[in-house]
Amino acid sequence: MSSIADNIGSVTRRIQKATLTAGRKPGSVQLLAVSKTRSPEELRAAADAGQIAFGENYLQEALDKVAALNDLNQIEWHFIGPIQSNKTRQIAETFAWAHSVDRLKIARRLSEQRPTSLPPLNLCLQVNINSEASKSGCALTDLPELAAAVGELPNLKLRGLMAIPDPGQSESELRTSFRTLANALRALKQEQPEAGPLDTLSMGMSDDLEAAIAEGATWVRVGTALFGTRPPKHSQS
Ligand SMILES: *Cc1c(COP(=O)(O)O)cnc(C)c1O
């Protein structure tokens with residue numbers, strides 16, 4: 001079995017190669033280590049190998065790890081799972097980023113509950129780019145209105161957009177899906193430059209990060225390729 005440090009090395013090389021192939025600036029794509037279901041020891045091994053940003057999907061599990069890794073103050077925590085209203089306070093108090101906001105109500109609560117002692121919460125709006133199958137993400141047609149309202153909220157910084165394409169797409173379908181998100185960000189930047197930095201595309205995972213980088217990803221969210229196959233589904237939230 002290869003070590004987590006080795007895996008970080010090989011994923012980093014994949015990112016560098018794809019960045020170069022796309023003719024993009026070196027360093028313009030960041031690696032978010034998706035650590036759901038992984039133990040604090042595995043995260044610590046990744047952190048020891050230089051990994052800084054970790055993405056978690058389940059709040060209680062995340063809070064346990066934040067406590068267990070309290071001594072590693074360079075870690076930057078990203079929330080990437082579905083967000084219910086009763087979870088917003090702890091997300092606002094603990095995380096540097098939330099990638100998975102798809103409703104104004106959630107954004108409002110995050111803004112109200114963000115401690116003013118912390119920098120603004122970096123926020124991505126999750127967009128449903130393939131419409132049919134997925135329940136998460138705002139519709140493309142609702143995005144301009146949502147972005148405008150979120151852009152007005154204090155204590156948040158609207159960084160950009162996030163998407164999870166439907167599974168089972170071919171390479172060219174994936175490219176089209178990622179391009180849809182990139183075009184949506186471009187349109188927002190043009191029409192609502194005051195809404196926030198709008199410098200972020202959170203897209204691409206273990207199996208499709210090259211396609212995402214080719215279409216402009218700035219964060220790739222990678223779990224399996226770093227930590228190995230996850231145990232079958234669990235129901236924690
Ligand atoms: C689990 C997860 C990932 C990572 O997927 P891998 O295929 O393991 O790389 C990325 N993004 C989100 C939102 C996830 O839930």
Side-chain angles (χ1 to χ4, degrees), residues 1-4 6-15 17-18 29-39 42-43 45-46 49 51-63 65 76-84 87 91 95-103 106 122-130 133-138 159-171 173-174 177-178 180-182 200-237:
M1 220 176 79
S2 54
S3 74
I4 290 171
D6 291 343
N7 293 344
I8 290 176
S10 56
V11 170
T12 301
R13 283 188 294 278
R14 279 176 66 191
I15 292 171
K17 184 154 177 260
V29 183
Q30 291 182 273
L31 172 59
L32 180 61
V34 174
S35 45
K36 61 181 174 221
T37 78
R38 297 299 167 181
S39 69
E42 290 171 290
L43 275 73
Q51 182 62 32
I52 289 170
F54 290 86
E56 289 281 341
N57 295 59
Y58 311 106
L59 182 62
Q60 191 52 55
E61 181 193 321
L63 294 175
K65 288 180 218 176
E76 181 180 272
W77 295 100
H78 294 232
F79 198 83
I80 62 172
I83 305 178
Q84 296 96 2
K87 303 282 162 64
I91 292 172
F95 287 79
W97 285 71
H99 291 232
S100 43
V101 174
D102 61 2
R103 286 178 287 152
I106 297 296
N122 294 294
L123 202 105
C124 293
L125 297 175
Q126 184 175 351
V127 181
N128 184 348
I129 44 174
N130 301 126
S134 171
K135 301 178 274 45
S136 309
C138 91
R159 297 298 299 267
L161 305 179
M162 180 273 224
I164 309 172
D166 286 348
Q169 297 188 54
S170 68
E171 169 84 12
E173 287 167 336
L174 280 168
S177 296
F178 291 137
T180 300
L181 195 71
T200 299
L201 281 171
S202 170
M203 59 186 195
M205 310 195 281
S206 292
D207 291 337
D208 57 15
L209 67 88
E210 282 84 2
I213 290 171
E215 298 297 342
T218 63
W219 280 111
V220 289
R221 307 181 309 268
V222 179
T224 308
L226 295 180
F227 298 109
T229 310
R230 278 182 295 277
K233 220 171 161 50
H234 76 161
S235 58
Q236 191 188 0
S237 63

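Just so you know, ligand 1 is whichever comes first in the structure, and atom 1 is the first atom listed for that ligand.
In terms of polar-atom proximity, G223 is counted as a contact of ligand 1, with an N or O under 3.5 Å from an N or O of the ligand.
Here the protein heavy atom with the shortest distance to atom 9 (O) of ligand 1 is S206 OG, 2.5 Å. With respect to atom 3 (C) of ligand 1, the closest heavy atom belonging to the protein is M205 SD, 3.6 Å. With respect to atom 1 (C) of ligand 1, the closest heavy atom belonging to the protein is K36 NZ, 1.4 Å.
No donor-acceptor contact under 3.5 angstrom links the side chains of D208 and Q169, judged on distance only. D102 and S136 share no donor-acceptor pair across their side chains, judged by distance under 3.5 Å alone. Under the 3.5 Å distance criterion, with hydrogens and angles disregarded, a donor-acceptor pair is assigned to the side chains of S35 and E56.
Numbered from 1 in the order shown, with element, the atoms of ligand 1 that lie under 4.0 Å from a heavy atom of T224 read 6 (P), 7 (O), 8 (O), 9 (O). For ligand 1, the atoms sitting less than 4.0 Å from at least one non-hydrogen atom of V222 are 9 (O), numbered in the order shown with element in parentheses. Those atoms of ligand 1 that come under 4.0 Å of a heavy atom in I164, given as number and element, are 13 (C). If you number the atoms of ligand 1 from 1 as listed, the ones under 4.0 Å from a heavy atom of R221 come out as 4 (C), 9 (O), 10 (C), 11 (N), 12 (C), 13 (C).
Judged by distance alone, with hydrogens and angles left aside, the side-chain atoms of N122 form a donor-acceptor pair with the main-chain N or O of A96 at under 3.5 Å. Side chain of R221 to backbone of S202: a donor-acceptor contact under 3.5 angstrom is found.
A 4.5 Å side-chain heavy-atom check between V34 and F227 finds every atom pair outside the cut-off. Looking at heavy atoms from C-beta onward, F54 lies out of side-chain contact with K65 at the 4.5 angstrom threshold.
Within the structure, the closest approach of N57 to ligand 1 falls below 4.0 Å when heavy atoms are considered. At least one heavy atom of R230 sits closer than 4.0 Å to an atom of ligand 1.
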